[in-house]
Amino acid sequence: MKRLIAVAVLVCVVGGAFPAALGAQRETTAGPAIKLVLLVAVDQFRADYLTRFEGEYQQGLKRLLTDGAVFTSAALEHYPTVTAVGHSTMLSGAFPSDSGIIGNDWFDRTSAASVTSVSDDTVQILGGGAPKTAASPRRMLVSTIGDELKMARRGRDAASSPKVIGVSLKDRAAILPGGRGADAAYWFDVTTGAFVSSSYYFRALPSWVSALNARKLADGYAGKSWTLAQGTPTEPHVLPKTPEAALYSAVFASPFGNDLLLTLATEALEHEQLGQRGVTDVFSVSFSSNDSVGHKYGPDSPEVRDISVKTDATIGELLQAVDRRVGLAHTLVMFTSDHGVAPLPETMIEHRMSGGRTDGPSLFDPIEKALQARFGSGKWILATAGTSPYLNYALIAKKKLDPAEVRRVAAEAAAGAAGGHVARVYTRDQL
């Protein structure tokens with residue numbers, strides 16, 4: 001699937017082309033011309049949503065589309081088009097082969113375990129949640145804009161060093177845009193309803209984050225209904241009444257999750273004094289709830305239309321908060337998405353188009369059976385990630401087989417698997 005991405009940039013700088021505004025700006029006694037670099041990302045926000053619902057946008061997105069520069073050919077053609085890869089690319093420009101972020105998760109042959117793009121067992125989770133959810137940017141192998149700004153001012157005192165902070169409901173969306181040198185990343189823990197971080201950044205949560213968590217904002221959505229401004233909902237949207245994991249997951253998967261993130265973002269602006277310290281700071285804000293809604297209901301649903309319009313209002317509030325504290329004349333705003341989404345197969349079939357659903361066993365079982373039939377018994381696939389099988393090279397070596405031949409047989413089996421839904425198969429040799 002081709003990556004669908006749109007970038008709208010709002011540059012309100014006196015005399016300001018982008019290179020002059022950020023890359024070659026000169027400091028004055030009042031500080032840099034650009035005081036804040038603000039990345040606003042909306043997970044799974046397809047490029048066509050900018051025009052498809054444009055007539056209903058009245059605030060943030062309307063302001064970006066009206067006053068900003070809209071780059072309609074800004075697609076980054078990497079694979080896979082998933083959250084981690086998209087967010088690792090936004091402020092680094094690096095594709096997976098360079099960044100090391102090759103998916104949301106994958107099988108790590110060194111540890112013989114499945115890992116995520118940000119999992120890190122050397123750090124601790126801060127603020128709540130299970131220990132296994134601790135995360136960091138250590139798997140990212142390249143620098144981001146924030147990293148480069150920090151390194152350009154190395155040797156300065158902490159007060160004059162850029163701050164780089166990322167926030168999101170998802171850990172990978174909060175962590176990866178900021179890079180390895182970020183000062184902080186905060187994300188939402190659906191088991192506790194709290195915003196958390198990790199010891200990669202500091203020993204304990206800042207007091208303002210702990211105070212925000214003490215307000216238990218997610219609990220306030222118990223029993224609340226998500227009402228659509230237009231259209232008939234696919235199903236009733238009434239959130240659980242008990243403050244527990246089921247409620248927090250439901251908040252995540254509704255426009256209320258974006259509201260929670262807006263609160264965190266405005267608190268970070270105030271307490272971290274982002275863009276208000278006479279130095280250029282970087283702030284990444286990634287709204288995740290749209291992704292959950294899109295996956296469940298599809299891009300043609302009234303729910304996606306509603307959350308898109310509500311996101312316009314949410315981004316408008318964020319821009320107003322930045323304007324009050326920093327001034328949009330001193331802020332470089334970038335709006336983008338990590339990936340798009342395909343229509344639901346059921347919707348395609350309704351329109352007499354090809355489509356259907358498949359699952360992991362229907363894709364990988366034929367590969368396993370073909371390898372056993374050709375080369376003998378054994379566990380030929382160690383693990384899978386997305387549509388990628390990880391072959392057992394220890395078994396291949398034990399049987400003294402040619403790995404390229406094993407891959408060829410596996411590819412042939414995959415090409416005919418999943419009820420004809422496989423369009424192309426690539427082996428390691430071809431790649």
Side-chain angles (χ1 to χ4, degrees), residues 22-23 36-41 76 78 82-106 108 110-111 115-127 131-187 195-206 209 265 268 272 274-275 277 279-286 288 332 334 336 338:
L22 181 62
L36 181 66
V37 176
L38 173 65
L39 172 69
V40 180
L76 296 171
H78 59 65
V82 294
T83 299
V85 178
H87 281 81
S88 68
T89 306
M90 290 174 188
L91 293 183
S92 72
F95 285 180
S97 56
D98 293 318
S99 71
I101 305 301
I102 59 173
N104 286 336
D105 53 83
W106 58 86
D108 178 56
T110 302
S111 61
V115 299
T116 77
S117 58
V118 292
S119 59
D120 186 348
D121 58 10
T122 70
V123 299
Q124 289 77 47
I125 193 76
L126 301 177
K132 65 179 181 180
T133 62
S136 84
R138 281 201 175 96
R139 297 188 192 278
M140 191 160 176
L141 305 178
V142 295
S143 63
T144 63
I145 288 175
D147 291 327
E148 293 297 327
L149 284 175
K150 279 182 166 290
M151 288 189 287
R153 296 181 68 90
R154 58 185 177 275
R156 307 286 186 96
D157 60 88
S160 61
S161 177
K163 277 188 179 181
V164 179
I165 294 177
V167 298
S168 180
L169 297 186
K170 294 182 180 180
D171 53 3
R172 53 193 180 272
I175 291 170
L176 296 173
R180 296 173 66 97
D183 295 275
Y186 305 103
W187 58 95
F195 284 106
V196 301
S197 188
S198 86
S199 59
Y200 177 88
Y201 301 101
F202 26 60
R203 293 183 178 180
L205 279 182
V209 182
E272 298 291 348
L274 295 173
R277 305 177 303 109
V279 65
T280 303
D281 295 325
V282 179
F283 191 29
S284 169
V285 182
S286 179
S288 304
L332 178 67
M334 299 170 287
T336 189
D338 52 355

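Note that the numbering runs from 1 along the sequence shown for the chain. Model, not experiment: these values are computed from the prediction.
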query = How far apart are the C-alpha atoms of Leu205 and Ser197, what are their side-chain angles, what is the distance that settles it, and do they pass the side-chain contact (heavy atoms from CB on, under 4.5 Å) test?
reply = CA-CA 7 Å; Leu205 279 182; Ser197 188; 3.8 Å; yes
Qualifying residue for side-chain contact (heavy atoms from CB on, under 4.5 Å) with [X], from [options]:
X: Lys150; options: Thr144, Ile145, Val164; value: Val164
X: Arg172; options: Val82, Val85, Val118; value: Val118
X: Val282; options: Leu91, Leu38, Leu332; value: Leu91

ask   = Does the side chain of Ser168 pick up a donor-acceptor pair with the side chain of Ser288 at under 3.5 Å?
value =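 Note: Ser168 and Ser288 side chains meet the donor-acceptor criterion.
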query = Will you find, in the side chains of Arg139 and Ser119, an N or O donor that is under 3.5 Å from an N or O acceptor?
reply = yes
Main-chain N/O of [Y] paired with [X] side-chain donor or acceptor, under 3.5 Å:
X: Asp281; Y: Gly275; answer: yes
X: Arg180; Y: Ser143; answer: no
X: Asp171; Y: Trp187; answer: no
X: Asp147; Y: Gly181; answer: yes

task = Hey, can you tell me if Phe202 and Tyr186 have their rings parallel, tilted or perpendicular (30° and 60° cut-offs)?
result = parallel
ask   = Going through the checks in order, is the side-chain contact (heavy atoms from CB on, under 4.5 Å) test met by Arg153 and Ser160?
value = CA-CA 8 Å; Arg153 296 181 68 90; Ser160 61; 3.9 Å; yes
